[in-house]
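All chains are named by letter (A, B, ...) in the order of the sequence lines, taking the proteins before the strands, and each is independently numbered beginning at 1. As the structure is a prediction and not an experimental result, all values here were calculated from the model.
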2 protein chains.
Amino acid sequence: MTSKDPGAPGLARLAGLIADESRAACLLALLDGRAWTAGELARHAGVAASTLSEHLGKLVAGGLLAEERQGRHRYVRLADERVAQLVEDLAAQVAPQARRPRTLRASSAGSAMAAGRTCYDHLAGRLGIAVTDALTVRGLLRQDTGFALTDAGLTWFDATGIPLRRTGRRPLARACLDWTERRPHLAGVAGAALCRHALDEGWCVRIGSERAVKVTPAGEDALTGLLGIDPAALR
Amino acid sequence: MTSKDPGAPGLARLAGLIADESRAACLLALLDGRAWTAGELARHAGVAASTLSEHLGKLVAGGLLAEERQGRHRYVRLADERVAQLVEDLAAQVAPQARRPRTLRASSAGSAMAAGRTCYDHLAGRLGIAVTDALTVRGLLRQDTGFALTDAGLTWFDATGIPLRRTGRRPLARACLDWTERRPHLAGVAGAALCRHALDEGWCVRIGSERAVKVTPAGEDALTGLLGIDPAALR
DNA sequence: CGGACGGTTCGGCGAGCACCGAAGCGTCCG
DNA sequence: CGGACGCTTCGGTGCTCGCCGAACCGTCCG
């Protein structure tokens, strides 16, 4: 067989989109699931606006980002959940090595991220792991034979008032490898619904404009009452 | 926030390893789960041996490949199941577009691949999908709430004589998006065990030295008897 | 209406890198 | 022992691509 796999050029092109430090920084920043403006991303990546404009053009053309123009702003976000998952998976593959914060500020920001954060549209960090573990030990989520909600789990979401809307082919429950904890946490439709519910109900709030989130006193009560989570483990 | 995410350089470097057409061709070829020699890969990718030697050096240094020297041969394979999954996921993201075979030979090779093939260490193509679907309708695999074997599924594997050895943190069941069918098929420990059993028992055999596999008459009997699969659907 | 601002386009520069062929090294085999 | 073979190392070459600043366009606001 001397014939190259026909998928090779496409694979290389896709990887090439991510294989630039500035573009990689954009994708990681956009993992918070929100839309950023071109200027914000340029400052974040530390390059000129003109440079970043070209990067955005490539990422959008490559289908990784979706854009939305509003007035003189160009808002951009990850195209869909599949792209988010891809970036997560790649980042998780990198994680094994280096994770050493340089400055004190970065260190404290890092510890906030480690305590709790959003990962695209679901919860991650110690918070995400705590929720996932609590669901598992209560028999609502099954991880020993794969990764799926149980019938009791479906009932729990329903009873708790968290609607699970099956949309397209997105799985109801999916494992997402947590960067900081090195263990899987709940993603998919259920993970997104739970995260949205937690933010809507004020169980947790975003810290600043970053991905890190903090559990509120009301949230501690709710998580303890509903899932038996020890609040001390979340700090 | 003017500080770049510390993971950006690593992410870019990892993607950069895949962002070359020759290296991408190697990774796709290695998805068959076997070890290839440097020379085989050079011919496959269509570049000089010297060029490919450098590529292998980078892929090994980057942790994507594991090498094994034997005499004057340099055998190389994907480092682990995580890398295989990563390449699969990236390839699946590309797939939506182009899938048009050029030559007749490529077309027939393509149809054989579409009928049945291995995907790293599990079954894929119509064969993989047929098995996955059969497991699902028989209540042995649950896909509606995630992706996990049921208790009945565990019993079935045991009764059928396919041992499931839990190794490290690899999930027992995992969904792997099928390139050709655009639907998930069974991967993980169970998928690998099933594939190995099928090859060991002669249910299917490799076609030539490629990833494509063909179901044998004995295999048709076994799949029909054990899972109620219609042999006609596999051709 | 005019200036500030966000974003884009363009030209040019410099670095990185994939590629090859030639030469060299170790292994295998007649 | 000598030649074939698989692989690696090394220069050298050409192209790609990320980057910037300057100029330009449209939007927002005083």
Dump the pairs, protein N or O against N or O of nucleotides 12-16 of chain D, anything under 3.5 Å, distances to one decimal.
none

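- Side chains of R117(A) and T180(A): a donor-acceptor N/O pair is present below 3.5 angstrom, by distance only.
- Rounded to an integer number of Å, the gap from CD of E68(B) to P of dG6(D) is 19 Å.
- Using modelled atom types and a 3.5 Å distance limit, the side chains of R183(A) and T132(A) yield no donor-acceptor pair.
- Between the CD atom of E40(A) and the P atom of dG6(C) there is a distance of 10 Å, rounded to whole Å.
- What you find for A175(B) and P184(B) is that their closest heavy atoms are CB-CB, 3.9 Å.
- Across the protein-nucleic acid pair, E67(B) atom CD and dG6(D) atom P stand 18 Å apart, rounded to whole Å.
- The CZ-P distance, from R13(B) to dG18(D), rounds to 17 Å in whole Å.
- Between Y75(A) atom OH and dT8(C) atom C1' there is a gap of 18 Å when expressed in whole angstrom units.
- Between the CD atom of E21(A) and the C1' atom of dC19(D) there is a distance of 13 Å, rounded to whole Å.
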All N/O pairs under 3.5 Å across the protein-nucleotides 27-30 of chain D interface:
from	atom 1	to	atom 2	distance (Å)
dT27(D)	O2	R72(A)	NH1	3.1

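- Atom CG of L41(A) and atom C1' of dG7(C) are 13 Å apart (whole Å).
- Straight-line distance from the CZ atom of R69(A) to the P atom of dC25(D): 17 Å, rounded to whole Å.
- Side-chain atoms of R23(A) lie closest to dG18(D) of the nucleotides dC20(C), dC7(D), dG18(D).
- Taken residue by residue, residues 49-58 of chain A places heavy atoms nearer than 4.0 Å to DNA chain C at A49(A), S50(A), S53(A), E54(A).
- Proximity of R74(A) to the phosphate of dT8(C): a side-chain N or O atom is located under 4.0 Å from OP1 or OP2.
- Salt bridge absent: E40(B) and R77(B) never bring a charged side-chain N and a carboxylate O closer than 4.0 Å.
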